[in-house]
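Comments concern the structure below.
Convention: sequence-line order gives letters A, B, ...; per-chain numbering from 1.
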Amino acid sequence: MSKQKIADCLREAVAKAQQEGSLAPGTLPEITIEHPQNPSHGDFASNLPLKLARTTRTPPLVIAEKILQKISLPSEIDHATIASPGFINFTLGNEWLTKQVEAILAASDSYGNLTLGTGKNIQIEFVSVNPTGPLHVGHGRGAVLGSTLANALSTAGYLVEKEYYLNDIGNQIELFGHSLYVRYLQYFAKKIDMPPDGYYGNYMIDLAKEIAEEYGDKFLNMPQKEAIEAITEIGLTKIINNIKGDLHLLNVEFDEWFSEKSLYKGEQYNKAMALLENGNYVAKKENAVWFESSLLGEDKDNVLVRSDGSPTYFASDIAYHYNKFMERNFDTVIDIWGADHQGHVPRMKAVIKALGQDPERLKVIICQLVTLHRGKEMLKVSKRSGDIITLREVIDEVGADACRFFFLSRSADSQMDFDLELAKKQSADNPVYYVQYAHARIASIFRLAQQRQIDYRHGDISLLSTEPELTLIRHLIMLPEIVERVAINLEPHHLPYYAQALATVFHSFYKQCRVVSQDEALTQARLKLVRATQIVLAKVLYLMGMTAPEKM
RNA sequence: GCCCCUGUAGCUCAGUGGAUAGAGCGCUGGCCUCCGGAGCCAGGUGCAAGGGUUCAAGUCCCUUCAGGGGCGCCA
């Protein structure tokens, strides 16, 4: 990696200058290399002289001078210059730049793959919506975020497992089953009231109808308990299949669907609780069992087992994380939760500590809520009250690729407004298509090249020398850094911005540089460049979980 | 009351403590004899307010204001 190389050169130069006495001794600060915003400042910049100024009591520009006198530049750097108030700027050589085109072609779709995570396994758990109703837009955000992050992490070299945690047991499921049973009875014209906190959405009526049509009235004559159990099971399966279908439409697939119920069938739950008890973090108060998180610096304790003997969601989650860390031994676990789970983070971290694990191994991404509008009208997304706009409706309206791009374009920290009207109106006129169009345009160039039977395999890349060509290459070679940044910071939102920037420089290049022309040698060289661009565009689109169309 | 997130252009949002703060949409004007005009080029306004740290702050710290979320023997 060039940044690292430059940093090494700087370190060496400083050491040399200090040895010879031309630079005052002092401890070296951490050397950071950045990309200057202004292209005229070169490809890389270091602020080392500014940082050394204090300890060495020397003006930054003088330090820069001394460093430059001693530095031996890596081969890819053409020259380094000093800039006020104390930067050293580095510019890549054209020869090295053009060579990168060959490197990209050679790497092909593995270009951008890193070894950052080699040997480490990460589990990423997301969506994990209660299977009691259809997914809505907010869930789509988590789904897109998680699947993109998973793509980026595995491209960065990690072994990644994507998991959906299925809350298939507990209060909400009982309520769901009860509600569905009532709707089923009502379908057969029985007079019976819905439970007060029940699931009132219209989909429940449809679901009951579906079951009635499929199974007939056989549950009418069963004992209620038995009938509810059976109907719950059938309903859950149907809802889960719907969820899977929705996610599939969004190009989100999971490796594992982990059942909460299974925690109780095996010994997971008991083992986890035993560990907490051994650590003396468990106490019985007011007929309930508590996790004394206040011992670990939390505001308050939390109930594990209710006074009626049933475990809370929190207790399940403890067992679940025990399973993730201590049974399945993931090095790192990423949980993506909605903003309404924000308060759950510190106590979950406390649990990890109580289980004797390093809390740093658990990374929680809180993604802020999505508010849905249609024009000025605010739409509710409450599942129990009904009246929701489902994720599927949104995908149908704006398309999966546009959905993904839109969700990805905002950092998880910021709330988003999703205006259906706007999304639909702009669906033909937004960055999604701009990026995909660049890819399709390249495909079109190759259709022409093929038609003219141009063999560009021996194209001479050193012919690439104009500004638009070199600018394009400069953008192409950023891909590995982008992947690294996304993987380290868990911030997939950099991808769409990069994709857009890359598409922009490509379109600009295309306008200025005719690819297939009378000049055979130049045509071949440019076809190589264009192929490299296509590789990188396709890779970014793949990372974002979007299609890379040949035609549009 | 306490905790978390956010406040950047008319709107939706990027911005790794660095040099002249960016993009998309919208608006206005130009560009196709030639590889796809879903394109290219140009046009302008802005870091909520006030302190502080730093050679350097949109970015870090404190206060205030504003919006959202959380503080259950719900999940």
Side-chain angles (χ1 to χ4, degrees), chain A residues 32-38 40-41 45 47 50-51 53-54 59-60 83-87 89 128-130 132 167 170-173 175 197 260 286-290 299-300 302-314 316-317 338-346 366-369 371 406 409-419 422 425-426 428-434 436-438 440-449 451-452 481 485 488-489 491 493-494 496-497 500-501 503-504 506-518 523 526-527 530 551-552:
Chain A
T32 52
I33 306 294
E34 56 171 14
H35 296 288
Q37 280 176 18
N38 186 337
S40 71
H41 291 141
N47 59 3
L50 285 163
K51 286 191 165 172
R54 169 162 288 191
S84 168
F87 293 102
N89 295 332
S128 301
V129 178
N130 279 1
T132 53
N167 303 111
N171 278 344
Q172 294 307 317
I173 296 302
L175 209 49
D197 299 331
E260 179 180 0
E286 302 155 33
N287 267 335
V289 180
W290 295 72
D299 296 350
K300 52 180 85 164
N302 295 279
V303 172
L304 296 172
V305 183
R306 301 183 186 94
S307 42
D308 70 1
S310 64
T312 59
Y313 158 85
F314 182 49
S316 282
D317 226 15
D340 52 345
H341 282 60
Q342 164 267 122
H344 193 52
V345 179
I366 292 296
C367 78
Q368 295 298 316
L369 301 184
T371 51
F406 180 76
S409 302
R410 280 115 177 104
S411 78
D413 285 337
S414 71
Q415 301 172 49
M416 3 187 342
D417 290 319
F418 198 115
D419 187 335
L422 213 63
K425 200 177 81 189
Q426 292 176 357
D429 194 19
N430 66 31
V432 182
Y433 299 99
Y434 183 78
Q436 290 182 319
Y437 181 61
R441 208 174 210 185
I442 291 171
S444 164
I445 294 172
F446 281 104
R447 283 193 290 272
L448 178 73
Q451 194 187 320
R452 299 202 184 161
E481 260 176 59
R485 193 169 164 196
I488 290 177
N489 300 328
E491 289 173 345
H493 71 272
H494 299 301
Y497 287 94
Q500 210 173 326
T504 300
F506 169 73
H507 285 307
S508 178
F509 153 84
Y510 176 88
K511 186 73 177 180
Q512 295 173 77
C513 302
R514 171 96 199 164
V515 178
V516 180
S517 68
Q518 299 305 315
T523 296
R526 284 183 173 166
L527 280 173
V530 167
K551 284 182 181 174
M552 291 174 69

Hey, does the side-chain of [X] have a donor or acceptor N/O within less than 3.5 Å of a partner on the base of [N]?
X: Asn38(A); N: rA21(B); result: no
X: Asn47(A); N: rG18(B); result: yes
X: Ser409(A); N: rC13(B); result: no

Please check if any side-chain donor atom of Ser411(A) sits under 3.5 Å from a side-chain acceptor atom of Asp413(A), or the reverse.
no

Between Gln172(A) and Thr132(A), a side-chain donor and acceptor under 3.5 Å:
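Per modelled atom types, Gln172(A) and Thr132(A) side chains form no pair under 3.5 Å.
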
Taking atom [atom1] in both [N] and [M], what distance in whole Å separates the two?
N: rA9(B); M: rA48(B); atom1: P; result: 8 Å
N: rG52(B); M: rU59(B); atom1: C1'; result: 15 Å
N: rC27(B); M: rC65(B); atom1: C1'; result: 33 Å
N: rG69(B); M: rC40(B); atom1: C1'; result: 44 Å

Looking only at side-chain atoms of [X], point me to the closest of [options].
X: Asn130(A); options: rC35(B), rC55(B), rA75(B); result: rA75(B)
X: Gln415(A); options: rC5(B), rG36(B), rG69(B); result: rC5(B)
X: Met416(A); options: rC13(B), rG37(B), rA19(B); result: rC13(B)
X: Ser414(A); options: rC13(B), rU16(B), rC40(B); result: rC13(B)
X: Tyr510(A); options: rG18(B), rG37(B), rA75(B); result: rG37(B)
X: His341(A); options: rA75(B), rG69(B), rA38(B); result: rA75(B)
X: Met552(A); options: rG36(B), rA14(B), rA75(B); result: rG36(B)
X: Asp417(A); options: rC13(B), rU16(B), rG39(B); result: rC13(B)
X: Tyr434(A); options: rG18(B), rC40(B), rC73(B); result: rC40(B)
X: Gln172(A); options: rC74(B), rG68(B), rA19(B); result: rC74(B)

Can you tell me how far [atom2] of [N] sits from [atom1] of [X], to the nearest Å?
X: Asn489(A); N: rU59(B); atom1: CG; atom2: P; value: 19 Å
X: Gln37(A); N: rG15(B); atom1: CD; atom2: C1'; value: 8 Å
X: Gln342(A); N: rC71(B); atom1: CD; atom2: C1'; value: 8 Å
X: Gln368(A); N: rC13(B); atom1: CD; atom2: C1'; value: 15 Å
X: Lys300(A); N: rG72(B); atom1: NZ; atom2: C1'; value: 9 Å
X: Phe509(A); N: rC35(B); atom1: CZ; atom2: P; value: 15 Å
X: Leu175(A); N: rG72(B); atom1: CG; atom2: P; value: 20 Å
X: Gln512(A); N: rC31(B); atom1: CD; atom2: C1'; value: 13 Å

Would one find a side-chain N or O of [X] under 4.0 angstrom from OP1 or OP2 of [N]?
X: Arg306(A); N: rA75(B); answer: yes
X: His493(A); N: rG15(B); answer: yes
X: Ser411(A); N: rA14(B); answer: yes
X: Arg441(A); N: rG37(B); answer: yes
X: Ser508(A); N: rC41(B); answer: yes
X: Asn171(A); N: rA75(B); answer: yes

May I have the step-by-step check of side chain to side chain contact (heavy atoms under 4.5 Å, CB included) for Asn47(A) and Thr32(A), ending in yes or no?
CA-CA 7 Å; Asn47(A) 59 3; Thr32(A) 52; 3.8 Å; yes

At 4.0 Å (heavy atoms only), tell me whether [X] reaches a base, stays on the sugar-phosphate, or touches nothing.
X: Ala412(A); answer: nothing
X: Cys367(A); answer: nothing
X: His41(A); answer: base
X: Ala449(A); answer: nothing
X: Ala45(A); answer: base
X: Leu448(A); answer: sugar-phosphate
X: Ala288(A); answer: base

Closest approach of Phe446(A) to Leu527(A) (non-hydrogen atoms, all atoms of both residues):
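Taking Phe446(A) first and Leu527(A) second, the nearest heavy atoms are CZ-O, 3.4 Å.
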
Arg447(A) atom CZ, neighbour heavy-atom count above 12 within 6.0 Å
yes

Does rC32(B) count as syn, meaning its glycosidic angle lies within 90° of 0, or as anti?
syn

Please work out whether the ring planes of Phe506(A) and Tyr510(A) are parallel, tilted or perpendicular, with thresholds of 30° and 60°.
tilted

Do the rings of Phe314(A) and His344(A) sit parallel, tilted or perpendicular, given the 30° and 60° boundaries?
perpendicular

Considering the options Val289(A), Asn171(A), Asn287(A), which one meets the side chain to side chain contact (heavy atoms under 4.5 Å, CB included) requirement together with Arg306(A)?
Asn171(A)

What pairs with Phe406(A) under ring pair (Phe, Tyr, Trp, His ring centres under 6.0 Å), at least two apart in sequence or on another chain?
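Once residues adjacent in sequence are excluded, the partners of Phe406(A) under the ring pair (Phe, Tyr, Trp, His ring centres under 6.0 Å) criterion are Phe418(A).
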
Both distances under 3.5 Å, Watson-Crick or G-U wobble: on that basis, could you give the dot-bracket string for RNA chain B, with [ ] for crossing pairs and | for other-strand partners?
(((((((..((((....[...)))).(((((.......)))))....(((((..]....))))))))))))....

If stacking means aromatic ring centre less than 5.5 angstrom from the base's six-membered ring centre, planes under 30°, is Tyr497(A) stacked on rA23(B)?
no

